[in-house]
Amino acid sequence: MGKKSHGKIHGRGKLPIKETNIEESLPKKLSRQKRNEVNQLVDKLLKVSSNIQSTPNASKEWEIHLEIGKLLEKIRRLESDMKIPVGDRSACIDEFIAWMKENGAEIDGLKIAQFPGYEYGIKAEKNFTQGDLLIAVPRKVMLTTETVGESLLGPLMRKDAMLQHMPNVALSLLLLVEKFKPDSFWKPYIAILPTEYTTVLYFKTNELQELKGSPSLEPALKQCRNIARQYAYFNKLFQQSSDPASDLLREVFTYEQYCWAVSTVMTRQNFVPSSDGSSMLNALIPMWDMCNHINGKLSTDFSAERDRSECLACRDYQSGEQIFIFYGPRTNSELFVHNGFVYPDNEHDGLRLKLGVSRDDPLQPERAQLLNRLGIPANGDFMLKRGPDPVDGRLLAFLRVFNMGPEHLKHWLSSDHSSDLVYPDCALETEVESKMWKFLLTRIYLLQRSYTTMLEEDYELLRHPGLTPCFRLAIQLRITEKKLLTAAEEYVKQRIKT
């Protein structure tokens with residue numbers, strides 16, 4: 001199975017405020033006047049959110065985000081008439097467990113329970129030894145992109161390019177179709193899903209503003225823009241199309257509902273083989289997706305023989321303990337943007353560096369040629385990693401090439417050992433090595449100064465009891481990034497000394 005995508009506050013991106021279940025009644029239909037107003041705003045939203053710059057940056061993305069935010073605020077206000085009352089999510093757990101067992105899931109010795117700092121998770125009700133089977137989920141209860149073709153969404157998917165080429169979007173709309181389909185097989189599963197998340201789609205402007213100076217701001221803004229564009233696109237499509245999915249969703253599809261569906265998929269999806277084994281499918285895997293994250297190794301796989309996903313205990317568990325799984329190696333920035341949580345002790349954390357060779361550089365052709373030989377882009381994202389060696393070979397080689405003079409470039413372009421540039425003990429001229437480390441230290445200083453707060457201030461802010469969950473996450477992310485920069489700064493200083 002592929003990497004799990006999930007969200008939590010320490011391990012799940014759900015707000016600890018509402019615990020509700022599937023909507024108990026259909027929304028009110030908008031008046032013709034309000035529908036026309038929404039349609040006009042959606043047209044504007046589609047235009048603004050599709051305005052992709054050739055050379056995007058955080059500053060321009062922020063301008064677009066503010067413009068999108070104003071349009072969405074008006075749309076939300078109009079769509080508030082379509083808001084649906086929700087029930088008690090926790091009251092649906094027993095029905096969900098019964099549904100899982102009736103359909104062949106093996107979940108004995110486990111219980112869905114609440115844990116401080118995590119909201120819901122999986123609790124062991126007996127002892128488990130490392131390697132024991134914890135959860136077995138048959139394909140029939142999974143929502144997958146293979147299910148889309150057999151659903152009400154199938155006819156629309158067969159003629160819509162976005163649904164065909166973006167399986168995560170197709171899965172999000174499938175979730176909405178099943179949510180509003182009165183006789184959905186997956187109703188017990190949908191009933192226990194959270195109603196809100198802490199993905200970036202739920203951040204208010206002032207909360208996102210807390211990421212000013214962070215390399216994570218730009219991808220967060222892009223995520224918000226992409227979802228706004230998708231919402232506008234499908235809103236228009238459902239209003240103009242006549243097919244089973246459009247007929248079902250036309251009067252219930254709102255920005256709030258789409259954010260919920262997208263966030264559910266982003267924070268909970270994994271990948272399973274297709275029925276014929278020819279490809280991998282995006283999938284929502286009930287019960288298993290309630291497990292929270294911990295450092296470790298992947299312990300879930302798919303059994304083709306039994307046609308089910310199987311999750312094994314990654315360590316010994318005593319009765320009463322929370323069961324954890326490892327979601328895969330992701331940085332906190334990736335977890336924040338795509339999963340809605342920050343994991344402070346993340347062994348796979350790293351900080352993104354955008355580096356590139358300017359076209360105005362007279363040695364640009366030679367630098368680009370040497371980097372290409374090494375399989376490294378002349379302009380791209382690099383990573384300062386957590387751990388004793390924060391500068392990996394890819395970043396190391398780029399920095400060396402970037403700081404070479406004409407004679408050095410000529411030498412390495414003609415050398416049969418240019419691949420040595422990725423290794424720390426490469427026989428490189430002292431002049432280039434010294435220049436390279438000083439250049440990196442300057443970049444680190446610039447990144448540190450781009451934040452609007454100091455690390456001590458961030459820790460102090462976290463002590464405030466009135467912080468919203470999203471505001472708290474933004475501060476936690478800043479802290480992890482600043483700690484990475486401080487560690488990298490000390491490492492580079494030591495290299496300069498030697």
Side-chain angles (χ1 to χ4, degrees), residues 5-9 12-18 20 41-42 45-46 48-50 52 58 61-62 64-77 79-80 82-84 86 119 162 166 168-176 179 193-211 214 216-235 249 252-269 282 284 289 330 332-342 468-474 476-477:
S5 177
H6 217 319
K8 51 184 83 160
I9 296 172
R12 183 181 304 280
K14 301 178 292 186
L15 293 170
I17 301 170
K18 287 184 175 181
T20 49
L41 289 166
V42 162
L45 179 62
L46 186 59
V48 172
S49 58
S50 300
I52 302 173
E61 284 285 355
W62 185 254
I64 296 173
H65 180 77
L66 292 178
E67 195 172 353
I68 288 173
K70 291 176 183 177
L71 291 170
L72 285 175
E73 183 57 36
K74 294 177 182 177
I75 290 171
R76 279 198 193 100
R77 205 157 41 235
E79 290 182 340
S80 64
M82 302 166 68
K83 203 169 181 69
I84 313 166
V86 291
E119 200 192 339
M162 185 181 293
M166 299 184 71
N168 56 329
V169 172
L171 188 58
S172 299
L173 289 183
L174 173 64
L175 182 60
L176 283 180
K179 179 175 185 177
L193 292 172
T195 56
E196 290 185 321
Y197 294 85
T198 48
T199 64
V200 293
L201 304 179
Y202 286 84
F203 274 59
K204 296 178 181 177
T205 299
N206 67 312
E207 292 168 336
L208 269 180
Q209 227 167 355
E210 292 301 312
L211 294 179
S214 165
S216 303
L217 177 59
E218 188 178 335
L221 295 175
K222 286 182 180 178
Q223 180 82 309
C224 293
R225 173 164 56 81
N226 288 337
I227 302 309
R229 182 172 69 251
Q230 291 169 18
Y231 156 77
Y233 173 83
F234 286 113
N235 193 306
L249 297 178
V252 299
F253 186 74
T254 64
Y255 178 72
E256 182 179 278
Q257 290 291 348
Y258 191 58
C259 282
W260 171 82
V262 168
S263 295
T264 299
V265 170
M266 283 196 308
T267 61
R268 310 177 91 85
Q269 71 175 336
N282 298 58
L284 294 176
D289 64 4
R330 286 189 169 191
N332 272 321
S333 178
E334 291 170 321
L335 292 173
F336 175 85
V337 173
H338 301 289
N339 301 70
F341 74 94
V342 173
T468 65
C470 292
F471 199 109
R472 182 174 296 276
L473 278 180
Q476 288 175 334
L477 181 64

Test side chain to side chain contact (heavy atoms under 4.5 Å, CB included) applied to Phe336 and Val200, step by step: CA-CA 8 Å; Phe336 175 85; Val200 293; 3.6 Å; yes
Pairwise side-chain contact, Ile68 with Leu45, heavy-atom cut-off 4.5 Å (strictly under): yes
Over all atoms of both residues, closest heavy-atom pair of Leu473 and Gly340: CD1-O, 3.4 Å
Student check: side-chain heavy atoms of Lys222 and Glu61 closer than 4.5 Å: yes
Leu477 side, atom CG; Ser214 side, atom OG - distance, nearest 0.5 Å: 5.0 Å
Intermediate values then yes/no, side chain to side chain contact (heavy atoms under 4.5 Å, CB included), Leu249 and Phe234: CA-CA 10 Å; Leu249 297 178; Phe234 286 113; over 6 Å; no
Any donor-acceptor N/O pair, Ser49 side chain to Arg225 backbone, under 3.5 Å: no
4.5 Å side-chain heavy-atom contact, Gln209 and Trp62: yes
Minimum side-chain heavy-atom gap Asn339-Arg330 below 4.5 Å: yes
Separation of His338 NE2 from Ser263 OG (nearest 0.5 Å): 12.5 Å
Smallest separation among heavy atoms of Val265 and Asn168, with atom names: CG1-O, 3.9 Å
Euclidean distance, Cys470 SG relative to Glu210 CD, rounded to 0.5 Å: 12.0 Å
Leu193 side chain reached by Arg268 side chain, heavy atoms, under 4.5 Å: yes
Tyr255: partners by ring pair (Phe, Tyr, Trp, His ring centres under 6.0 Å), with sequence neighbours left out: Tyr231
Tyr197-Thr264 side chain donor-acceptor pair, cut-off 3.5 Å: yes
Side chain proximity check, Met266 to Leu201, heavy atoms < 4.5 angstrom: yes
Separation between CD of Gln223 and NE2 of His65, rounded to the nearest 0.5 Å: 12.0 Å
Nearest-0.5 Å distance, CG of residue Leu221 to CG of residue Leu211: 8.0 Å
Pairwise side-chain contact, Gln257 with Met82, heavy-atom cut-off 4.5 Å (strictly under): no
Non-hydrogen side-chain atoms of Glu79 and Asn235 separated by less than 4.5 Å: yes
Flag for Gln230-Tyr258: side-chain donor and acceptor within less than 3.5 Å: yes
Inter-residue atom distance Lys179.NZ - Ile84.CD1, 0.5 Å rounding: 6.5 Å
Closest non-hydrogen atom pair between Ala228 and Leu72, with its separation: CB-CD1, 4.3 Å
